Amino acid sequence: MTQLTPIEFQATDLDAMATAKGRVAILVTPEGEMNPPARRANKLTRGAVARLLESDRFVKAKSGQVITLAWPGGMAAEALDVLILEKGSSALETRRAGSALGKLKGTGPLLVAAGSYSRAQELAMGIALRNYSFDAHKTGEDAGAEIEPAVLSHNRHERIEASAAPLLAVAEGTCMTRDLVNEPANVLTTTEFAQRLDEMSALGLKVEVLDEDRLAELGMRTLLCVGQGSDSPSKVVVMEWNGGEDGAAPLAIVGKGVVFDTGGISLKPAGGMEDMTMDMGGAGVVAGVMRAVALRKAKANVVGLVGLVENMPSGNATRPGDVVASMKGDTVEIINTDAEGRLVLCDVMWYAQDRFNPAGMVDLATLTGAMIIALGHERAGAFSNNDDFCDAFLRAADAEGEGAWRLPLGKAYDDLLKSRIADMKNVGGRPAGSITAAQFLQRFVRDDVPWIHLDIAGVASVKSDTDFAPKGATGWGVAALNRLVADRFEA
Ligand code: BES
Ligand code: MN
Ligand code: ZN
């Protein structure tokens, strides 16, 4: 796994600022107020900070922005990053500010002299999230360079360190998700994916890998029919975190793990097909959430299930027109083999309910291109059978700066799935494509199970930087779901 930027917490030491290597960051308020570390930097640089605070550039700048003084005289550092931050900034604003520092940091050392800033743990979180780079397949000089730690100095560093710990667990989960999503499909095969999940048993998770024979025994025919054209064996991985009360019904999170989606016999066009390495994004988020809750030893019961398959065309691939029976027993006429995610999820969701009787179920999937048409890359689509549960999730996502927006479900949409020869078709036509996909899934959700479907096709991996991630995989959803666990499932 990509090394998460180590964050060290130290007591404020003004004298260390002169000799610190790499980057040094200080905090000033938008009103130009300096705390003791900022005053020390100002003194070392013979008033450079005060001159900045007088400048037009500073007047125009906003809270959360960084102005860099390069090669500051009187300091050993190569850069003095002046972070403008309002004292009463929210947790999220502070995290964004930390992210601005994390972006500048690169692999070199960074000292953030935060003084007594009260939400400094969120600076650490922002740094850890944004100082991420997926270099696993780069060779050459910088490749594999150790990431130097970020040192956060604070007047109450022990308190800040303690409140940063659960946040950094989420950062680590998020970066695991990013690694999985960024990884190409020749590396992250179904087998390799299962292996990486299995390794999480070291964190105290119970991990079980179900192979094709077992899946056939269980009757997961719609899942298996997606993977049957691939040489990589289909798998379902079940991860259990039992940190809550014995026997308390868990939250189940279920992820689509299509390690590569060619479309199958309904082959996708060549242009952009390489992006379908991210079609396991839902499973990636499930992995990241399980890692986060295990690392922070959440007092909750959470089960994560992922369906790992590869959708390939071949002589024994599923054909358009084939009829396949699901584990639930309902039959599906497969009109388009490129609508494969729902075929994977319906069996895993049914199995999750059957085995765990969950108190709530959330599924995540890069399910439809139509989701990108609807909401772009800003927000994921949310669909639910339970207003209260869905509202709790939307609030959690909002608090973490992870956009989501609810879309409707309803009988008229469900009717579009009617098939002449089977219980349903796997596609409902172009109109409302994301909704009919959700409607398909809902047919496999028990009425008594509060359920949210998250279509993350637009947000799992993006082509430009976001607040908290460089371009590529975002890890969207790990923080929001972790918060949902904390808000609704922890004692
Ligand atoms: N994995 C795709 C959806 C997707 C598209 C995710 C673009 C991320 C970016 C999914 O399996 C798919 O192919 N969906 C089809 C459904 C259609 C055949 C009903 C789609 O969206 O075109
Ligand atoms: Mn597809
Ligand atoms: Zn797909």
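The structure presented is a predicted model; accordingly, all values stated were derived computationally and were not measured. Atoms within a ligand are numbered from 1 in the order they appear, just like the ligands themselves. Any value given below was found using the heavy atoms of this structure, including those in side chains, with hydrogens, waters and symmetry copies removed.
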Atom 2 (C) of ligand 1: closest protein heavy atom, distance to 0.1 Å, is Asp261 OD2, 3.6 Å

In this structure, atom 16 (C) of ligand 1 is nearest to the protein heavy atom Arg342 NH2, 4.0 Å

Below 4.5 Å, heavy atoms only, C-beta onward: do Val303 and Met239 meet side chain to side chain?
no

Side chains of Thr277 and Asp279: closer than 4.5 Å at any heavy-atom pair? no

Verify salt bridge (charged side-chain N to carboxylate O under 4.0 Å, His left out) between Arg355 and Glu240, making sure each step is shown before the conclusion.
CA-CA 12 Å; Arg355 175 164 167 192; Glu240 290 177 64; 3.5 Å; yes

Ligand-side contact atoms (ligand 1) for residue partner [X], heavy atom cut-off under 4.0 Å:
| X | value |
| --- | --- |
| Lys256 | 1 (N), 10 (C), 11 (O) |
| Gly369 | 3 (C), 4 (C), 5 (C), 20 (C), 21 (O) |
| Ile372 | 7 (C), 9 (C) |

If you compare Leu367, Val226, Leu343 by their heavy atoms, the one closest to atom 10 (C) of ligand 1 turns out to be Leu367

Heavy-atom proximity to atom 17 (C) of ligand 1, picking from Ser266, Ala460, Gly272, Ala339, points to Ala339

Counting heavy atoms under 4.0 Å, the part of Asp338 that contacts ligand 1 is both

Are there over 12 heavy-atom neighbours, none belonging to [X], within less than 6.0 Å of that residue's [atom1]?
| X | atom1 | answer |
| --- | --- | --- |
| Glu245 | CD | no |
| Asp447 | CG | no |
| Asp231 | CG | no |
| Gln3 | CD | yes |
| Lys103 | NZ | no |

Per residue Glu340, nearest N, O or S atom to the Zn ion (ligand 3) is named OE2

For Asp279, the N, O or S atom at the shortest distance from the Zn ion (ligand 3) is OD2

Check your understanding: Any N or O on Asp279 sitting closer than 3.5 Å to an N or O of ligand 1?
Key -> yes

ask   = Quick one: does Glu340 get an N or O within less than 3.5 Å of an N or O on ligand 1?
value = yes

Any [X] heavy atom less than 4.0 Å from ligand 1:
| X | answer |
| --- | --- |
| Asn426 | no |
| Lys268 | yes |
| Met276 | yes |
| Met280 | no |

Note to self: Does Lys463 form a salt bridge (charged side-chain N to carboxylate O under 4.0 Å, His left out) with Asp275? I'd like the steps, not just the answer.
What the structure shows: CA-CA 10 Å; Lys463 304 251 183 254; Asp275 289 343; 3.1 Å; yes

Note: NZ(Lys256)-the Zn ion (ligand 3)-OD2(Asp261) angle, rounded to 10 degrees, equals 170°

Closest to the Mn ion (ligand 2), among the N/O/S atoms of Asp261, is atom OD2

Stepwise salt bridge (charged side-chain N to carboxylate O under 4.0 Å, His left out) check, Glu122 with Arg96:
CA-CA 8 Å; Glu122 289 288 355; Arg96 286 202 180 90; over 6 Å; no

Tell me whether the NZ or CZ atom of Arg178 lies within the 45° cone about the ring axis of Tyr132 and under 6.0 Å from its centre. yes

Checklist line | Backbone or side-chain N/O/S of Glu340 under 2.8 Å of the Mn ion (ligand 2) | finding: yes

(Q) For Asn357 and Arg446, which I'm curious about, is there any donor-acceptor pair between the side chains at under 3.5 Å? (A) yes

Open item on the list: Does the protein come close to atom 22 (O) of ligand 1 - that is, does one of its heavy atoms sit below 4.0 Å from that atom?
Closed with: no

